[in-house]
Amino acid sequence: MDLSVPRVMGILNVTPDSFYAASRAAGEEAVVRRAREMMEQGATFIDVGACSTRPGSEPATEQQEMERLRPALATIRRELPEAVISVDTFRPSVTRMVVEEYGVDIINDVGAPQNLPVEMFRMVARLGVPYVLMSRAADMHTMLKELARDVQQLRDYGQKDIIIDPGFGFGKTLEENYAVMHDLDQLQLLELPVLVGVSRKRMVWQLLDVEPEQALNGTTVLNTLALERGASILRVHDVKEAVECVSVYEKLRS
């Protein structure tokens, strides 16, 4: 896939407790309706998550995560066979299941602390599926060092397609999130696509003293800044607005 023009990844949560209620889809009909809507609005990827990573949440068990994913992925594959599906997981066993059983196209690893990176690295390399590598580092210097190390390890296992995620909202304070955004262009040193996910996160609504439901404007501002700093993929709840953001940015760049 050509990422010279930035792409949009739409978030579809099949969890009961994701921090932004509007991203949740319960039941097959709601899942396919939400996925179809995002594709019609211009999403290139549908990112399906079945285990909430919001602060303070109790992670779903491995069995719960699989039970939530199976009907959602089966429905999307049946009703929208052209969809490019990403699955948001940190578990190697879930990774194997979604790729082998449903032909999932991308694994988006949120890198939870309980994850064993070596096991996940080996799994995605064996499956030959593109992989989003997320960093929890709180500053760009540390992030670059750790990502360079992990990318090399992935290459050693035979992994080919790697996407970098600076992990906004993971292991970072408000100030650290904005410092990473300020220096985001430094990730271009790794010569890999960069995925940015700031959609309605705490770094937006806490700064603006609003609720997540009122954080779209701030999200769009940060998405624009991320595009200027080299982001190739925007992971968002609001696909239409992100696609418009990319269109305006591309017009200005051309």
Residues that, via side-chain heavy atoms closer than 4.5 angstrom, fall in one hydrophobic cluster with Ile233: Met1, Leu3, Met9, Phe45, Val84, Ile106, Val132, Ile163, Leu195
Co-members of the apolar cluster containing Val248 [side chain, <4.5 Å]: none
Hey, can you pull the donor-acceptor pairs under 3.5 Å for the side chains in residues 166-175, sequence neighbours left out?
| unit_1 | atom_1 | unit_2 | atom_2 | d |
| --- | --- | --- | --- | --- |
| Lys172 | NZ | Ser135 | O | 3.2 |
| Lys172 | NZ | Ala137 | O | 3.1 |
| Lys172 | NZ | Pro166 | O | 3.0 |
| Lys172 | NZ | Gly167 | O | 2.9 |
| Lys172 | NZ | Phe170 | O | 3.0 |
| Thr173 | OG1 | Glu176 | N | 3.1 |
| Thr173 | OG1 | Glu176 | OE1 | 3.3 |

Mind listing the closest non-hydrogen atom pair of [X] and [Y] along with its distance?
X      : Y      : result
Gly49  : Asp88  : CA-CB, 4.0 Å
Ile76  : Ala83  : CG2-CB, 4.1 Å
Leu208 : Gly218 : CD1-CA, 4.0 Å
Arg253 : Ser4   : NH2-O, 2.9 Å
Ser232 : Pro193 : OG-CA, 3.9 Å
Ser199 : Asp238 : OG-OD2, 4.2 Å

More than 12 heavy atoms from other groups under 6.0 Å of CG on Asp156: yes
Is a side-chain N or O of [X] found less than 3.5 angstrom from the main chain of [Y], in a donor-acceptor match?
X      : Y      : answer
Gln159 : Asp161 : yes
Gln214 : Glu211 : yes
Arg7   : Thr44  : no

State, yes or no, whether a side-chain contact exists between [X] and [Y] at a heavy-atom distance under 4.5 Å.
X      : Y      : result
Arg36  : Arg33  : no
Val124 : Asp109 : no
Lys201 : Asn177 : no
Arg200 : Leu216 : yes
Asn108 : Met134 : no
Tyr178 : Leu222 : yes
Val118 : Gln153 : yes
Cys51  : Thr89  : no

Salt bridge (charged side-chain N to carboxylate O under 4.0 Å, His left out) contacts in which one or both residues fall within residues 181-197, not counting sequence neighbours: none
Salt bridge (charged side-chain N to carboxylate O under 4.0 Å, His left out) partners of residues 39-49, not counting sequence neighbours, each pair once: Asp47-Arg235
Out of curiosity, [X] [atom1] to [Y] [atom2], how far, rounded to the nearest 0.5 Å?
X      : Y      : atom1 : atom2 : value
Leu184 : His182 : CG    : NE2   : 11.5 Å
Asp165 : Leu187 : CG    : CG    : 9.5 Å
Phe90  : Glu65  : CZ    : CD    : 6.0 Å
Arg91  : Ile107 : CZ    : CD1   : 13.0 Å
Thr142 : Lys145 : OG1   : NZ    : 6.0 Å
Arg149 : Leu144 : CZ    : CG    : 12.5 Å

side-chain contact (heavy atoms from CB on, under 4.5 Å) assessment of Val243 paired with Gln41: CA-CA 8 Å; Val243 169; Gln41 291 176 344; 5.7 Å; no
Working for side-chain contact (heavy atoms from CB on, under 4.5 Å), residues Glu28 and Val31: CA-CA 5 Å; Glu28 292 185 11; Val31 165; 5.6 Å; no
Candidate pair Lys240 and Glu244, rule salt bridge (Lys or Arg N to Asp or Glu O under 4.0 Å), full reasoning: CA-CA 6 Å; Lys240 178 178 180 290; Glu244 290 176 348; 2.8 Å; yes
Evaluation steps, side-chain contact (heavy atoms from CB on, under 4.5 Å), between Leu80 and Ile85: CA-CA 10 Å; Leu80 300 167; Ile85 304 176; over 6 Å; no
Inter- and intrachain pairs under side-chain hydrogen bond (donor to acceptor under 3.5 Å, both in side chains), touching residues 94-105, at least two apart: Arg70-Glu101, Arg77-Asp105
Val239/Met39 under side-chain contact (heavy atoms from CB on, under 4.5 Å): CA gap, chis, key distance, verdict: CA-CA 8 Å; Val239 170; Met39 291 181 64; over 6 Å; no
Arg122 bridged to Glu119 by N-O distance under 4.0 Å: no
same_hphob_cluster(Leu189, Leu133) at 4.5 Å side-chain heavy-atom cutoff: yes
